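Encoded as structure tokens, the structure appears first; notes follow it.
All values derive from a computational prediction rather than experimental measurement.
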Amino acid sequence: AVAVGMVLAARLAAQLRRAPAADAERLQVLLRRAGLPVALPAGLDPEALLARMKLDKKAVSGLLRLILWRGIGKADIVRDVQPDAILRVLKPS
């Protein structure tokens, strides 16, 4: 689950133009090569997952705090990610 979360966070950072998309692709390739899962399980409801994320200890007043990278080795705590951006990453492509 941790590897999947890393890939999703990297994709979100790329989507938000916080980090290069090539870094997200590189991470996914490396984790897959290591035999780790890089995608959410089939049939998982993105809306339900987002609702559960809002219950996480890092959420404050229903707003998510995410750790997003700016590239390999550089990360920030981000508090202003819109739910629709998160849903775009959670939905299967």
Check: Side chains of Ile77 and Arg79: does their closest heavy-atom pair fall under 4.5 Å?
Finding: yes
Checklist line | Shortest non-hydrogen contact between Ala3 and Pro37, atoms and distance | finding: CB-O, 3.3 Å
Next item on the list: Go through the structure and list residues passing side chain to side chain donor-acceptor pair (under 3.5 Å) with Arg26, not counting sequence neighbours.
Entry: none
Note to self: Any non-hydrogen side-chain atom of Trp69 less than 4.5 Å from a side-chain atom of Leu12?
What the structure shows: no
Check: So do the side chains of Val78 and Leu64 get within less than 4.5 Å of each other, counting heavy atoms only?
Finding: no
Item checked: Distance in Å, Leu44 CG paired with Leu90 CG, rounded so as to fall on 0.5 Å steps -> 8.0 Å
Margin query: Between Gln28 (side chain only) and Val38 (backbone N and O only), is there a donor and an acceptor less than 3.5 Å apart?
Written below: no
Next item on the list: Enter the distance from Leu16:CG to Gln82:CD here, rounded to the nearest 0.5 Å.
Entry: 9.5 Å
Next item on the list: Provide the closest heavy-atom pair for Ala21 versus Ala14 in the form atom of the first, atom of the second, distance.
Entry: CA-CB, 3.7 Å
Next item on the list: With rounding to the nearest 0.5 Å, note down the distance linking CZ in Arg11 to CE in Met6.
Entry: 12.5 Å
Margin query: Less than 4.5 Å apart, side chain to side chain, heavy atoms only: is that true for Leu49 and Asp45?
Written below: no
Item checked: Inter-residue atom distance Arg18.CZ - Leu66.CG, 0.5 Å rounding -> 10.0 Å
Checklist line | Nearest heavy atoms of Ile67 and Ala75, plus distance in Å | finding: CG2-CB, 4.0 Å
Margin query: Do Leu8 and Leu27 sit in one hydrophobic cluster, given that two such residues count as connected whenever their side-chain heavy atoms are within less than 4.5 Å of each other, even indirectly?
Written below: no
Notebook entry, point to check: Can you name the residues that form a salt bridge (charged side-chain N to carboxylate O under 4.0 Å, His left out) with Asp80, not counting sequence neighbours?
Noted result: none
Item checked: For Arg70, salt bridge (charged side-chain N to carboxylate O under 4.0 Å, His left out) partners two or more places apart -> Asp76
Notebook entry, point to check: When clusters are formed by joining ILVMFWY residues with side-chain heavy atoms under 4.5 Å apart, either directly or through shared neighbours, do Leu68 and Leu40 land in the same one?
Noted result: yes
Margin query: Between Leu36 and Arg32, is there a side-chain heavy-atom distance shorter than 4.5 Å?
Written below: no
Next item on the list: Please name the pair of heavy atoms, one in Pro46 and one in Leu87, separated by the smallest distance, quoted to 0.1 Å.
Entry: O-CD2, 3.6 Å
Notebook entry, point to check: What pair of heavy atoms forms the shortest contact from Gly71 to Pro20, and how long is it?
Noted result: CA-CD, 4.3 Å
